[in-house]
Amino acid sequence: MNTTIQIDALESLLIAIFVLFIGRLINNKVTVLRQYNIPEPIVGGLVVASIITVCHQYGYNFTFKLDIQDVLMQMFFATVGLAASFKLLIKGGARVFLFLGVATVFIILQNLVGVSLAKVLGIDPLLGLLTGSITLTGGHGTGAAWSQTFASEYGLSNTLELAMASATFGLVMGGIIGGPIAQRLINKHKLKSEFGESANHHIAHPDLVTYSEHEEDRINAKSTIEVLFILLLCVAGASHLKEFVDSFGISSLRIPLFVYSLFVGVLITNICETTHAYKIKKETVDVIGTISLSLFLAMALMSLKLWELLDLALPMLVILFAQTVLMGLYAYFITFRVMGSSYDAAVIAGGHCGFGMGATPTAVMNMGALVTRNGPSPQAFMIVPIVGAFFIDITNLFVLQGFLGFLAK
């Protein structure tokens with residue numbers, strides 16, 4: 001007999017914070033995790049998700065009330081927008097499109113590997129796409145959308161379950177491999193942040209947003225309330241902006257809500273910078289952004305249904321492990337070199353592993369763990385979220401349509 005246990009909103013939030021405590025405790029005790037920058041939400045979240053999986057095997061299912069999860073994600077991306085002044089955007093603009101090109105080439109390779117291995121293993125090539133950029137670069141949302149198409153138009157069965165399991169696998173592996181790969185690049189090439197490794201960056205650079213949990217920030221209640229108001233304004237404004245954009249009939253682009261939050265943040269910070277009407281306290285933005293991201297990822301990881309991975313057939317697992325190897329090699333040898341073989345390029349490579357295998361928040365989590373140890377990389381935090389949260393979904397759509405057209409012949 002199965003028993004479902006509902007965890008309410010407050011208790012779910014407490015468990016999410018507890019996940020971070022568990023991750024920190026384990027990372028402090030296990031040197032290899034700390035050495036290779038495995039993020040605390042990944043470690044703690046997998047522990048809790050494993051416990052819940054064991055309970056599931058004995059008939060006890062836990063459901064969390066995580067209404068605040070999406071708000072936290074939007075708040076974080078709003079902080080990314082608030083950190084993106086026109087000066088920074090102009091400085092890194094060309095590199096945004098360079099990285100988009102790198103990421104687009106990768107999703108083509110991702111699908112080539114998926115389709116080729118599917119044929120070799122004797123399964124439908126469409127399932128190769130499902131374990132390619134649909135669920136890995138695309139994530140759970142894209143996987144759910146395409147699984148319905150595969151079921152209704154191509155007659156495939158169990159596509160939703162396979163898509164969710166594949167996306168979950170990618171989310172976990174993307175968070176595991178990103179840190180070690182980037183850290184190896186940093187160590188091998190003796191790379192350093194131009195801002196140094198100390199925890200006092202805001203003394204010399206008060207407008208720098210680091211997303212480092214070790215940063216010694218000078219914040220107060222007044223600045224916290226003000227920045228919190230601005231972030232919630234970004235979140236609320238994002239919904240209205242999405243409605244406005246959808247009114248023009250382009251809702252088929254499926255632009256995620258958090259992209260609108262980021263865009264509103266960009267508008268606000270540059271209006272304030274241009275008019276000098278108000279100076280946003282970037283140290284406070286840094287703190288709230290770090291908290292929002294940590295809690296969002298803790299909630300995402302602790303609510304993973306790991307038992308779905310157990311239901312993957314052996315051929316699908318072979319493809320997914322091959323995709324993991326491909327992602328690691330591509331980030332190490334291609335992303336890093338094309339993006340300039342610099343410290344920023346190494347952090348971007350770690351972020352690429354995150355959204356190339358899972359989702360943009362995973363990419364940011366990887367980069368957050370790296371900059372906490374090695375020093376700030378504002379360029380990486382500007383380039384990766386913009387490409388991973390918006391542009392890559394558009395190019396992914398065109399690539400998938402091309403593959404479907406080829407396979408349908």
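Computed from a predicted model, the values in this text were never measured in an experiment. If you read the sequence from its start, that first residue is 1, and numbering goes on from there.
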Chemist: Contact between Val364 and Val384 at the side-chain level, heavy atoms closer than 4.5 Å - yes or no?
Modeler: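 Answer no - side chains too far apart.
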Chemist: Any side-chain to backbone donor/acceptor pair from Gln323 onto Thr131? Under 3.5 Å, distance only.
Modeler: yes
Chemist: For the CZ atom on Phe64, are there more than 12 heavy atoms of other groups (residues, nucleotides or ligands in this structure) within a distance under 6.0 Å?
Modeler: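 More than 12 heavy atoms, drawn from other residues, nucleotides or ligands, come within 6.0 Å of this atom.
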Chemist: How close do Glu40 and Leu20 get, counting heavy atoms only, and between which atoms?
Modeler: OE1-O, 4.1 Å
Chemist: With rounding to the nearest 0.5 Å, note down the distance linking CG in Leu407 to CG in Leu129.
Modeler: 5.5 Å
Chemist: Got a second to check how far Leu98's CG is from Ile383's CD1, nearest 0.5 Å?
Modeler: 8.0 Å
Chemist: Would you call the rings of His352 and Phe99 parallel, tilted or perpendicular, where under 30° means parallel and over 60° means perpendicular?
Modeler: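 The arrangement is perpendicular - the two ring planes meet at more than 60°.
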Chemist: Among Leu127, Leu121, Leu117, whose side-chain contact (heavy atoms from CB on, under 4.5 Å) with Met316 holds?
Modeler: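 By the side-chain contact (heavy atoms from CB on, under 4.5 Å) criterion, Met316 pairs with just one of Leu127, Leu121, Leu117: Leu127.
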Chemist: Within the structure provided, determine whether Leu136 and Met327 are in side-chain contact (heavy-atom separation under 4.5 Å).
Modeler: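 No, too far: nothing below the 4.5 Å cut-off.
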Chemist: So do Leu231 and Ile288 actually touch side chain to side chain, heavy atoms under 4.5 Å?
Modeler: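 Yes - at least one pair of side-chain heavy atoms lies under 4.5 Å apart.
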Chemist: With a 4.5 Å cut-off on side-chain heavy atoms, are Phe18 and Leu13 touching?
Modeler: no
Chemist: Can you tell me if Ser133 and Asn111 form a side-chain donor-acceptor pair at under 3.5 Å?
Modeler: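 Yes, because at least one side-chain N or O of Ser133 sits under 3.5 Å from a partner of the opposite role on Asn111.
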Chemist: Within the structure provided, determine whether Leu66 and Ser12 are in side-chain contact (heavy-atom separation under 4.5 Å).
Modeler: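 The answer is yes; the side chains approach within 4.5 Å.
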Chemist: Would you say Asp70 and Gln74 are linked by a side-chain donor-acceptor pair, where the criterion is simply a distance under 3.5 Å?
Modeler: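 Side-chain D/A pair, Gln74 to Asp70: absent.
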Chemist: Would you call Lys282-Asp286 a salt bridge at under 4.0 Å N-O?
Modeler: no
Chemist: Applying ring pair (Phe, Tyr, Trp, His ring centres under 6.0 Å), run through Phe321 and Phe169 and close with a yes or a no.
Modeler: CA-CA 9 Å; Phe321 275 112; Phe169 180 95; 5.2 Å; yes
Chemist: Determine whether the side chains of Thr137 and Gln110 contain a donor N or O and an acceptor N or O closer than 3.5 Å.
Modeler: yes
Chemist: Within a 6.0 Å radius of atom CZ on Arg34, are there more than 12 heavy atoms belonging to other residues, nucleotides or ligands?
Modeler: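 Yes, CZ of Arg34 has more than 12 neighbouring heavy atoms, counting only those of other groups under 6.0 Å.
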Chemist: Would you please say whether a donor-acceptor pair under 3.5 Å links the side chains of Ser377 and Asp344?
Modeler: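 A donor-acceptor contact under 3.5 Å links the two side chains.
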Chemist: Pick one: which of Val266, Val264, Ile271 meets side-chain contact (heavy atoms from CB on, under 4.5 Å) with Ile268?
Modeler: Val264
Chemist: Measure the spacing between CD of Gln379 and CZ of Arg95 and express it to the nearest 0.5 Å.
Modeler: 4.0 Å
Chemist: Is there side-chain contact between Tyr278 and Glu226, with heavy atoms separated by less than 4.5 Å?
Modeler: yes
Chemist: Mind checking the CG-OG1 spacing from Leu301 to Thr362? Nearest 0.5 Å is all I need.
Modeler: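 OG1 of Thr362 is found 7.5 Å from CG of Leu301.
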Chemist: Do any N or O atoms from the side chain of Asn396 and from the backbone of Ile134 form a donor-acceptor pair under 3.5 angstrom?
Modeler: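 No, because the side chain of Asn396 does not come within donor-acceptor range (under 3.5 Å) of the backbone of Ile134.
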Chemist: Under a 4.5 Å cut-off applied to non-hydrogen side-chain atoms, are Leu320 and Ser166 in contact?
Modeler: yes
Chemist: Given side chains that start at C-beta, do those of Phe97 and Leu100 come closer than 4.5 Å, heavy atoms only?
Modeler: yes
